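Report on the structure given below.
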Amino acid sequence: MSLPGAAELAGTHHLTDLHRSMDRWFSEVARVLPWRSPDCSPWGILVSEVMLQQTPVVRVLPVWEDWMERWPEPADLATQPAGEAVRHWGRLGYPRRALRLHAAAVAIVKQHGGRVPDTHASLLSLPGVGDYTAAAVAAFAFGRRETVVDTNIRRVHARLVSGLALPAPSLTASEMRLAESLMPDDVELSVRWNASVMELGALVCTARSPKCSDCPVRDSCGWLAAGEPPPTYTPKGQAWHGTDRQLRGAVMAVLRVADSPVAPELFERPAADLGFAADGAAVPLAALHRLNSAPEQLERALEGLLRDGLAEMHDGGLRLPA
DNA sequence: AACCCGTGGCT
DNA sequence: TAGCCAAGGGT
């Protein structure tokens, strides 16, 4: 038992018709994004792909612009302390990505002469670059024919081909095979196809409230043909309130704005209680205090940040890595 | 393989 | 409002 192949798509479209419909739609409605510009360097595309991991486009845009102006090439970032990458990551979330992007820049300089490598395998060896990002950079920066499968593409395939409301909880081998079978053979068309399916998932074939009336391939959609069956499982939500992640985030918000190491006692009690004058970190410190966490949890959060290299001790205080 | 890792907009 | 969700990766 396997997913239906490309020849068994619902409706009457052939695969080439599907490619044509998607390509036309993409050229008409695709968003204008700086990392899609022909002028954008492979480094710019790599940075965008890492920033876009689990993070919406609108939040990435200003940070990406700042990074590109600040560090136009891998070597520009590689010569900086890792903490600068984390600081200028701002509130994008998952700051370990900034750390890994910095490590990737160092690796690009030391092992690839300062140029972003151009094959899937060599990209995959970079810190913070997994199968998706390696495929995306190889395709969008270097024009390669790659099986690019992200959450958007998975959802489009699940609906269009498999007739399901949502893809499986985690990426399966059969999904990769399906994605491969759907791609145009032509290299340049394959790049356009990957971008357009991703864009369709982002703009039209969304997780909730898909805009099927705007869909260029609705007549071929297996999910619509099946009468829009509901999901066969309920995704488990991501806990947030009261978690270590929330506390780590609050600590990182303090470290990003602090201009000197922060004494650990300041994380536990307001500076006024300890006789310190408030500095630039007063606001995020107050936010941290409002979380009212257990001392044990705070200790766990700090240990985690140290272990992950997001923070380090210096002069008895905590700071971003130098 | 299951779990962990930030953040904020949207419904 | 509380939960869902986002161009995933590492362990």
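Throughout, a chain's letter reflects where its sequence line sits, starting with A, and its residues are numbered from 1. What you are looking at is a predicted structure, and each value in this text was computed from that prediction instead of being measured. These values consider heavy atoms only, across backbone and side chains, with no hydrogens, waters or symmetry-generated copies.
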Tell me every residue that passes side chain to side chain donor-acceptor pair (under 3.5 Å) with A:Ser122, counting only those two or more places apart in sequence or in another chain. A:Thr119
Which residue pairs satisfy the salt bridge (Lys or Arg N to Asp or Glu O under 4.0 Å) criterion with at least one member in residues 229-256 of chain A, sequence neighbours excluded? A:Asp244-A:Arg300, A:Arg248-A:Asp308
Any residue meeting side chain to side chain donor-acceptor pair (under 3.5 Å) with A:Arg208, in chain and number order, not counting sequence neighbours: none
Under 4.0 angstrom, heavy atoms only, what part of the nucleic acid is A:Ile153 near: base, sugar-phosphate, or nothing? nothing
Applied to residues 202-253 of chain A, the ring-ring contact (aromatic ring centres under 6.0 Å, His included) test, sequence neighbours excluded, yields none
Side chain to side chain donor-acceptor pair (under 3.5 Å) partners for A:Arg144, two or more places apart: none
Sugar-phosphate means primed atoms, P, OP1 and OP2; the rest is base. With that split, encode nucleotides 4-11 of chain C 5' to 3' as B, S or - using protein heavy atoms under 4.0 Å. BBBBBBS-
Does the separation of the ring centres of A:Trp67 and A:Trp89 fall below 6.0 angstrom? yes
Regarding A:Thr206 and A:Arg155, do their side chains bring together a donor and an acceptor under 3.5 Å, going by distance alone? no
First of A:Ser209 and A:Leu305 reached from the 5' end of DNA chain B, by closest nucleotide: A:Leu305
Please go through A:Val149's hydrophobic cluster and name the other residues, only I, L, V, M, F, W, Y counting, with side-chain heavy atoms under 4.5 Å joining them. A:Leu171, A:Met176
Side-chain hydrophobic cluster, 4.5 Å single linkage: members besides A:Val58: none
Partners passing side chain to side chain donor-acceptor pair (under 3.5 Å) against A:Asp131 (at least two apart in sequence or in another chain): A:His120
Round to a whole Å and report the spacing from CG of A:Leu92 to C1' of B:dG9. 14 Å
Positions of residues 64-71 of chain A (non-hydrogen atom under 4.0 Å from DNA chain B), listed by number: none
Distance between C1' atoms of B:dT7 and C:dT11 (Å, rounded): 23 Å
Atom pair distance, as rounded to whole Å: CG in A:Asp308 and C1' in B:dC3: 14 Å
Of the residues in residues 245-257 of chain A, which ones touch DNA chain B at a heavy-atom distance under 4.0 Å? A:Arg245, A:Arg248, A:Gly249, A:Arg256
Which atom pairs, one a donor and one an acceptor, fall under 3.5 Å between side chains of residues 99-117 of chain A and the rest of the protein, sequence neighbours left out?
residue  : atom : partner : partner atom : Å
A:His102 : NE2  : A:Gln80 : O            : 2.7

